[in-house]
Participant: 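After the structure tokens below, expect a handful of questions from me.
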Amino acid sequence: MKTIAVINQKGGVGKTTTVINLSAQLAKENKRVLVIDLDPQANLTSVMAGGEQEFESSITDVFESAKNNPIKNAIMPAVSKKGVIENLYICPTDIRLSRVIEQSLTKIHRERILLKQLESVQTDYDIVLLDCPPNLSLTSVNAMMAADLFLIPVDGGNFSLSGLADLLDALEEVKETENVNYAVFRNEYAKANKLINNFLQEELDNLEGQVLKTTIRRTEVIGQASVTGETILNYQPGSTVVTDYKNLAKEVLERL
Ligand SMILES: Nc1ncnc2c1ncn2[C@@H]1O[C@H](COP(=O)(O)OP(=O)(O)OP(=O)(O)O)[C@@H](O)[C@H]1O
Ligand SMILES: [Mg+2]
């Protein structure tokens with residue numbers, strides 16, 4: 001089992017969208033995939049948990065008391081509008097997560113709660129994808145401790161790379177190594193946006209081997225799929241952006 005954290009403390013760069021569509025692609029390729037919603041905004045949960053918002057057990061309960069609520073109790077099959085998605089499972093979250101995390105600040109081993117829990121499902125999944133919140137809170141630190149690979153989406157907006165150096169510093173500090181396995185890729189890529197593309201390319205060239213060749217294009221289909229509670233593969237399997245996610249899956253698997 002390998003764990004990938006989709007992480008960037010900048011908001012709205014496409015973390016959740018990446019987790020939804022990359023996980024669906026990997027599941028289609030017969031990988032057993034678990035996605036975990038670590039953001040109390042619960043965007044991933046609202047798309048992949050079949051419209052449910054309240055759960056008998058969620059990742060919030062796991063952080064509250066892993067002893068009473070082991071992660072196994074909080075995992076359910078991922079469901080889209082078209083029904084259960086084969087090979088894909090979700091551990092949902094709810095709005096209480098931020099409060100519960102604050103209360104965990106006094107616990108010993110508080111950074112390793114997720115890591116420990118994932119050890120208990122090692123043989124059940126091939127790949128775990130963590131949807132991180134847009135901050136470097138204790139939840140994100142739990143994701144950092146648990147992850148083998150960090151997948152960092154950057155968008156094409158202003159300041160899209162601001163904060164990247166801070167993020168990489170945080171990863172090095174938490175992992176206690178300068179050789180963190182991370183990969184940056186461009187989301188919402190628009191070919192016509194030459195000025196921004198050239199600027200970003202120059203900046204990204206400084207990261208040498210850590211930038212993926214794959215870019216995910218900007219397309220309306222992504223927004224449409226997410227409001228209808230669907231993965232792209234279900235919503236519009238013939239869409240060109242499906243090819244982008246295929247390429248992303250391939251490159252990510254090569255780096256694991
Ligand atoms: N490739 C894309 N093309 C078009 N729209 C996109 C694309 N990727 C993401 N979006 C849209 O951008 C918005 C933000 O995406 P998303 O929620 O995945 O970002 P996020 O990083 O998870 O945000 P947050 O930091 O709030 O958790 C959403 O409305 C989503 O539909
Ligand atoms: Mg998100």
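Owing to the predicted nature of the structure, the values given are computational and were not obtained by experimental measurement. Numbering of ligands and ligand atoms starts at 1, following listing order.
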Participant: Within a radius of less than 6.0 Å around CG of L105, do more than 12 heavy atoms belonging to other residues, nucleotides or ligands occur?
Facilitator: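 Counting neighbours around CG of L105, more than 12 heavy atoms of other residues, nucleotides or ligands fall under 6.0 Å, so yes.
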
Participant: With a 4.0 Å cut-off, strictly under, does atom 28 (C) of ligand 1 pick up any protein heavy atom?
Facilitator: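 Given the 4.0 Å cut-off, atom 28 (C) of ligand 1 does not count as touching protein heavy atoms.
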
Participant: What's the shortest distance from atom 19 (O) of ligand 1 to any protein heavy atom, and which residue and atom give it?
Facilitator: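 Residue, atom and distance for the closest contact: G14 N, 3.0 Å.
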
Participant: Verify whether one side chain among D205 and Q201 offers a donor that lies under 3.5 Å from an acceptor in the other.
Facilitator: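 Side chains of D205 and Q201: pair found under 3.5 Å.
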
Participant: Among K31, R32, K2, find the residue that satisfies the salt bridge (Lys or Arg N to Asp or Glu O under 4.0 Å) test when tested with D126.
Facilitator: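 Of the listed residues K31, R32, K2, the salt bridge (Lys or Arg N to Asp or Glu O under 4.0 Å) partner of D126 is R32.
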
Participant: Under a plain distance cut-off of 3.5 Å, with no hydrogens placed, do T16 and D131 share a side-chain donor-acceptor pair?
Facilitator: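 D131 vs T16: donor-acceptor pair found between side chains.
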
Participant: Does any N/O atom on G11 come nearer than 3.5 Å to any N/O atom on ligand 1?
Facilitator: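 No: no nitrogen or oxygen of G11 is under 3.5 Å from one in ligand 1.
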
Participant: Starting from atom 23 (O) of ligand 1, which protein heavy atom do you reach first, and at what distance in Å?
Facilitator: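 Here the closest protein heavy atom is G12 N, 3.0 Å.
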
Participant: Give a yes or no on this: more than 12 heavy atoms of other residues, nucleotides or ligands lie within 6.0 Å of atom CD of Q224.
Facilitator: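 Counting neighbours around CD of Q224, more than 12 heavy atoms of other residues, nucleotides or ligands fall under 6.0 Å, so yes.
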
Participant: Run the salt-bridge test on R96 and E64 with the 4.0 Å N-O cut-off and return the result as yes or no.
Facilitator: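 Yes, R96 and E64 are salt-bridged.
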
Participant: State whether a side-chain donor-acceptor pair under 3.5 Å links N197 with R186.
Facilitator: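 Indeed, the side chains of N197 and R186 share at least one donor-acceptor pair under 3.5 Å.
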
Participant: Could you list the residues that satisfy side-chain contact (heavy atoms from CB on, under 4.5 Å) with K82, not counting sequence neighbours?
Facilitator: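 Listed in chain order: S80, E230, N234.
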
Participant: Are K72 and D124 ion-paired here, with the side-chain N under 4.0 Å from a carboxylate O?
Facilitator: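 Looking at K72 and D124, the cut-off is met.
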
Participant: What's the shortest distance from atom 31 (O) of ligand 1 to any protein heavy atom, and which residue and atom give it?
Facilitator: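 Ranking protein heavy atoms by distance from atom 31 (O) of ligand 1, first comes G223 CA, 3.8 Å.
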
Participant: Tell me which one of T215, V13, T17 gets a heavy atom nearest to atom 30 (C) of ligand 1.
Facilitator: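 Among T215, V13, T17, the closest heavy atom to atom 30 (C) of ligand 1 belongs to T17.
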
Participant: Do the charged groups of R99 and E102 touch, with an N to O distance under 4.0 Å?
Facilitator: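 No, R99 and E102 are not salt-bridged.
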
Participant: Heavy atoms only: which of E188, R186, R217 lies closest to atom 10 (N) of ligand 1?
Facilitator: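 Among E188, R186, R217, the closest heavy atom to atom 10 (N) of ligand 1 comes from E188.
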
Participant: Could you tell me whether the side chain of N69 and the main chain of V62 form a donor-acceptor pair under 3.5 Å?
Facilitator: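 Not at all, since once roles are kept as given, no pair shorter than 3.5 Å links the two residues.
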
Participant: What part of N187, side chain from CB on, backbone N/CA/C/O, both or neither, has a heavy atom under 4.0 Å from ligand 1?
Facilitator: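 Side chain only; the backbone of N187 stays clear of ligand 1.
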
Participant: Can a donor-acceptor pair be found, under 3.5 Å and without considering hydrogens, that links the side chain of D244 to the backbone of R217?
Facilitator: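 Yes; judged by distance alone, with no hydrogens or angles, the pair exists.
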
Participant: Would you say R218 has any N or O atom under 3.5 Å from an N or O of ligand 1, going by distance alone?
Facilitator: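 Looking only at distances, the answer is no, because the N/O contact criterion of under 3.5 Å is not met.
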
Participant: Which atoms of ligand 1 have any heavy atom of D39 under 4.0 Å away?
Facilitator: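 It comes down to these atoms of ligand 1: 27 (O).
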
Participant: Kindly indicate whether atom 13 (C) of ligand 1 is approached by any protein heavy atom to under 4.0 angstrom.
Facilitator: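 False for atom 13 (C) of ligand 1.
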
Participant: Hey, is ligand 1 close enough to T16 that some N/O pair sits below 3.5 Å?
Facilitator: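 N/O-N/O distance under 3.5 Å: yes.
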
Participant: Answer with side chain, backbone, both or neither: which part of D131 has a heavy atom less than 4.0 angstrom from an atom of ligand 1?
Facilitator: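 Within the 4.0 Å criterion, D131 makes no contact with ligand 1.
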
Participant: Closest non-hydrogen protein atom to atom 3 (N) of ligand 1, residue and atom name please, with distance?
Facilitator: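 Its nearest protein heavy-atom neighbour is T219 N, 3.1 Å.
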
Participant: Quick one: does Q41 get an N or O within less than 3.5 Å of an N or O on ligand 1?
Facilitator: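 Among all N and O atoms of Q41, at least one is under 3.5 Å from an N or O of ligand 1.
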
Participant: Ignoring hydrogens and geometry, is there a side-chain-to-backbone donor-acceptor pair from K10 to G163 under 3.5 Å?
Facilitator: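 Checking the backbone N and O of G163 against the side chain of K10, no donor-acceptor pair under 3.5 Å is found.
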
Participant: Strictly under 2.8 Å, how many protein N, O or S atoms lie near the Mg ion (ligand 2)? Waters don't count.
Facilitator: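 The number of such protein atoms is 1.
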
Participant: Check each atom of ligand 1 against the heavy atoms of P134 and keep those under 4.0 Å away; list them by number with element.
Facilitator: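 Counting from 1, the qualifying ligand atoms are 25 (O).
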
Participant: Does a sphere of radius 6.0 Å around CD in E86 hold more than 12 heavy atoms from other residues, nucleotides or ligands, not counting ones at 6.0 Å or beyond?
Facilitator: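 Counting other residues, nucleotides and ligands, CD of E86 stays at 12 neighbours or fewer.
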
Participant: For atom 20 (P) of ligand 1, find the nearest protein heavy atom and state the residue, atom name and distance (0.1 Å precision).
Facilitator: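 For atom 20 (P) of ligand 1, the nearest protein heavy atom is K15 N, 3.4 Å.
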
